[in-house]
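Proteins get letters first, then strands, A, B, ... in listed order; numbering begins at 1 in each.
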Amino acid sequence: MMKIKPARRLTVKEVVDHLRVNDLISDKNVEDITGYTRGLRTETSSPWYIKILHALGAWISAVFFIAFIFESKIITNDTTQLIVFGIALIAAGVMINFKSKESIFLGQFALALSTAGHVLVLMGVSDWSKHEITVIFGASIVLCLILYPLYNNFLHRFLSCFLVLGLAVIFVLSELKGSLWVHLLVLVEAVGLGLVMKKRPYSDYWAPVFYALILGIPLQLFPSVFSFHDMNITWWPSNVILIAALLGLYLGKIRGNKETIIVVLLASAVLGVLSSPGLLASIGLLVIGYHLQKSPLVSAGLVLFPFYIFFFYNKMDMRLDIKSGILAATGLVLLALRFYLGRIYRSKGVQS
Amino acid sequence: MVDSIPIGEKNDQPSNGSMDFPVGPSIIEKLHQKGFLSDKARDSAVQKIGSSLQWWHWTGHLLLFLGTALILAGIVFFFAFNWAKLGPFFKFILVEAGILGCMAGVFLIGSHKIVGKILLLCAALLVGVFLAVFGQVYQTGADAFELFTGWALLITGWVAVSSFAALWVMWLTIVNTALILYFAQVLIPNEIAHENTLFILLSVINTAALVFSHMGRSRKWEWLESTWYRRLILSSILTYLSIPSIHFILEPEIQYLLPLIIMILFLTGSFSYYRFYAKDLPSLTLVILTLCILILFALAKLIFPHTQEIGLLIYGFSVIVVFGSASYWIRETSRKMKTVTGGGKNDDEN
């Protein structure tokens with residue numbers, strides 16, 4: 001009796017041996033790969049939980065630095081002082097980061113200064129423009145574009161891109177209004193994510209943009225399950241955009257077998273038709289996270305998915321018995337798809 | 001003899017050469033970008049590591065989890081809508097039929113299969129629904145803690161035989177909830193016990209669960225090989241012990257001293273275990289993060305009463321020093337662990 005049982009992941013050596021057997025790499029390539037992977041073992045890039053420690057330290061200390069600046073009256077609430085001092089702090093952060101090399105303390109100090117500087121600059125801009133979200137959004141874009149090449153730090157680049165995405169959705173919903181702009185934003189970001197994944201999927205330089213988009217898109221879709229400024233947005237165009245994005249992902253990146261792709265696509269379409277775009281974005285997060293073997297992305301997807309399910313159905317303006325029918329029917333469809341997928345693999349001689 | 005088709009899972013065996021560590025799509029793509037692999041070689045490598053069986057295993061689990069969650073949610077909404085209209089007899093029939101149906105499924109499919117385990121989880125959830133219906137129909141006047149206690153006791157047998165980590169976590173959550181409610185509703189209002197006793201008891205119970213899970217893992221029990229639930233339990237213990245410890249740091253009262261002592265002992269023990277025995281860096285990071293938080297509260301108590309605005313600046317720098325030291329130490333420890341085991345990155349470091 002054949003059965004599927006969990007087993008270990010393949011190693012680099014096994015994959016290289018497989019390529020050698022199939023004459024797909026030369027001995028020189030094998031030597032190069034050996035040297036490169038030896039370097040990977042001792043490289044100093046930080047795991048994600050260390051990055052979170054860095055971010056926490058920087059944010060908390062930035063709060064106290066800003067509190068000190070105001071309490072000691074180094075600057076007042078004057079607009080010019082806020083912006084100038086903020087820029088000075090950001091510049092100091094850039095310089096210190098440039099000099100910091102491997103020093104964690106200097107790196108964290110630089111990040112704290114830059115974070116505090118961003119807060120002061122945006123406070124000043126907000127004050128100057130009388131809280132015009134358009135101007136604040138514009139300022140965040142300018143800061144991001146200028147600092148992205150200058151401040152060579154994953155966390156800083158990620159946070160500045162994430163800030164832009166957060167302000168983008170507030171800008172679109174507050175200033176532009178109209179459903180079209182929301183869907184245009186979703187489209188632009190989905191295309192941007194696709195381009196980053198296609199052209200430079202694992203480049204260190206573009207990784208912060210990738211992570212900001214992949215985490216930002218599901219979070220930006222919160223308005224699909226909450227009311228915002230009494231706006232009445234129809235969300236189906238975003239559903240269509242995200243289903244198309246998922247199709248592109250499955251066909252372009254995952255390259256699984258045909259049956260799996262059909263099943264996953266059908267499941268996504270069913271959920272897309274009967275649910276919110278946030279749900280589809282969460283599925284994208286899960287799939288990409290699993291494909292790249294990034295457990296934080298999968299975990300984020302697993303948290304957001306039930307969140308969107310719960311709030312979408314809670315918000316629906318229909319009787320509970322109809323809601324219960326839709327939920328149960330959706331669940332049955334997904335189980336039926338699983339059964340269909342299982343039959344395909346059983347027909348290939350595999351049982352689960 | 002049973003043939004088995006391997007599908008992907010983490011390899012946590014120590015490795016010996018520079019290429020003997022688990023490979024993922026990111027490393028394949030980096031090798032391709034460096035020019036070490038041609039397009040054809042890259043595609044073949046991706047095909048090799050990302051076999052369709054891996055995707056079936058993962059997709060199948062995901063569809064099962066989502067489908068079951070949606071059906072259960074539909075049932076809950078149905079009950080909510082029809083509650084007032086349903087007679088008591090019909091309410092009981094529905095819930096009990098659900099429990100029996102799930103158990104029949106477990107019997108037919110087998111509790112060793114994932115579908116069977118999910119059905120057992122659903123049955124365990126429906127037991128709680130049954131108790132809620134019972135309390136409501138008969139107006140027993142039972143306190144909430146009695147419902148949760150009864151629920152935990154009734155499903156203990158199923159949990160013990162399930163070999164399913166998610167069900168164990170659910171059971172532990174119910175036990176924790178029952179204890180919290182008992183203290184909140186009975187012991188503390190009647191001044192029979194202090195809240196510190198609650199935190200200590202919760203920590204003891206969850207530590208027992210954590211020790212059990214580590215024992216199971218060391219004996220290679222398959223259902224205990226996942227890490228998510230161990231870190232969840234560890235986080236809960238650290239939270240329970242942190243609350244009275246921080247209270248003591250900010251307002252030193254004698255009744256909060258014992259939890260602080262237990263906290264120090266637990267931090268020492270878990271640090272030693274995760275650093276030298278289990279070599280589990282994410283869990284070690286949780287322990288270090290808790291220590292950082294305690295240190296920062298102690299520093300705040302030390303700095304702020306005696307300084308004015310300058311104290312804010314000093315504290316800001318203190319935060320950088322504390323978190324920076326923690327990050328530096330964890331990074332160095334990570335390097336040492338890699339050098340000792342000869343391994344490359346694993347999922348937890350991505």
Side-chain angles (χ1 to χ4, degrees), chain A residues 1-13 15 18-19 24-25 29 32-34 37-38 40-41 46-47 49-50 53-54 57 60-61 64-65 67-68 71-72 104-105 108-109 201-202 256-257 260 264 290 292-295 320-321 323-324 327-328 330-331 334-335 337-338 345 350, chain B residues 2-11 18-26 29-31 34 36 40-41 44-45 48-49 52 55-60 63-64 66-67 70-71 73-74 77-78 80-81 282 285 309 312-313 315-316 319-320 323-324 326-328 330-331 338 344 347 349-350:
Chain A
M1 178 181 77
M2 294 171 82
K3 64 176 182 180
I4 294 175
K5 75 165 192 158
R8 60 179 183 80
R9 277 168 60 193
L10 295 180
T11 63
V12 176
K13 186 174 184 311
V15 172
H18 158 79
L19 295 174
L24 290 168
I25 48 168
N29 290 144
D32 291 335
I33 291 171
T34 309
T37 52
R38 195 176 293 125
L40 277 182
R41 274 179 47 201
S46 304
Y49 39 87
I50 293 184
L53 271 183
H54 275 234
I60 295 172
S61 49
F64 285 96
F65 289 152
F68 167 71
E71 284 296 311
S72 57
I104 286 181
F105 299 97
Q108 200 153 62
F109 181 49
Y202 305 103
N257 74 8
T260 313
V264 179
Y290 181 72
L292 298 178
Q293 302 284 315
K294 303 283 185 190
S295 50
L320 281 176
D321 58 340
K323 276 193 206 182
S324 70
L327 277 169
T330 314
L334 296 183
L335 291 180
L337 287 171
R338 183 186 184 273
Y345 282 97
V350 170
Chain B
V2 173
D3 293 326
S4 54
I5 296 172
I7 54 174
E9 203 200 54
K10 289 183 198 178
N11 177 9
S18 70
M19 295 203 292
D20 281 334
F21 60 89
V23 66
S26 56
E29 288 290 341
K30 280 190 177 168
L31 294 176
K34 293 279 177 196
F36 303 147
K40 205 174 167 189
S44 177
K48 178 78 178 164
I49 63 168
S52 57
W55 272 101
W56 145 242
H57 189 251
W58 186 80
T59 309
L63 287 172
L64 179 64
L66 296 176
L70 285 169
I71 290 172
F77 274 121
F78 177 78
F81 176 75
T285 305
E309 300 87 14
L312 292 164
L313 185 65
Y315 195 72
V319 170
I320 289 176
F323 276 101
S327 304
Y328 175 78
I330 291 169
R331 201 176 71 175
K338 277 186 198 171
D347 278 352
E349 295 183 11
N350 290 329

List the residues meeting side chain to side chain contact (heavy atoms under 4.5 Å, CB included) with Leu312(B), not counting sequence neighbours, and say none if there are none. Phe64(A), Ala67(A), Phe68(A), Glu71(A), Phe304(B)
Of the non-hydrogen atoms in Ala41(B) and Leu24(A), which two are nearest, and what is the gap between them? CB-O, 3.6 Å
Interchain contact, Thr285(B) with chain A, by part (heavy-atom threshold 4.5 Å): side chain
Non-hydrogen side-chain atoms of Ile71(B) and Leu335(A) separated by less than 4.5 Å: yes
Side chain, backbone, both or neither: which part of Ile104(A) has an atom under 4.5 Å from a heavy atom of chain B? side chain
Contacts of Ile320(B) meeting side chain to side chain contact (heavy atoms under 4.5 Å, CB included) (sequence neighbours excluded), chain-then-number -> Ser61(A), Phe65(A), Gln108(A), Phe109(A), Ala112(A)
Cut-off 4.5 Å, heavy atoms of chain B, and the answer for Ile25(A) is side chain
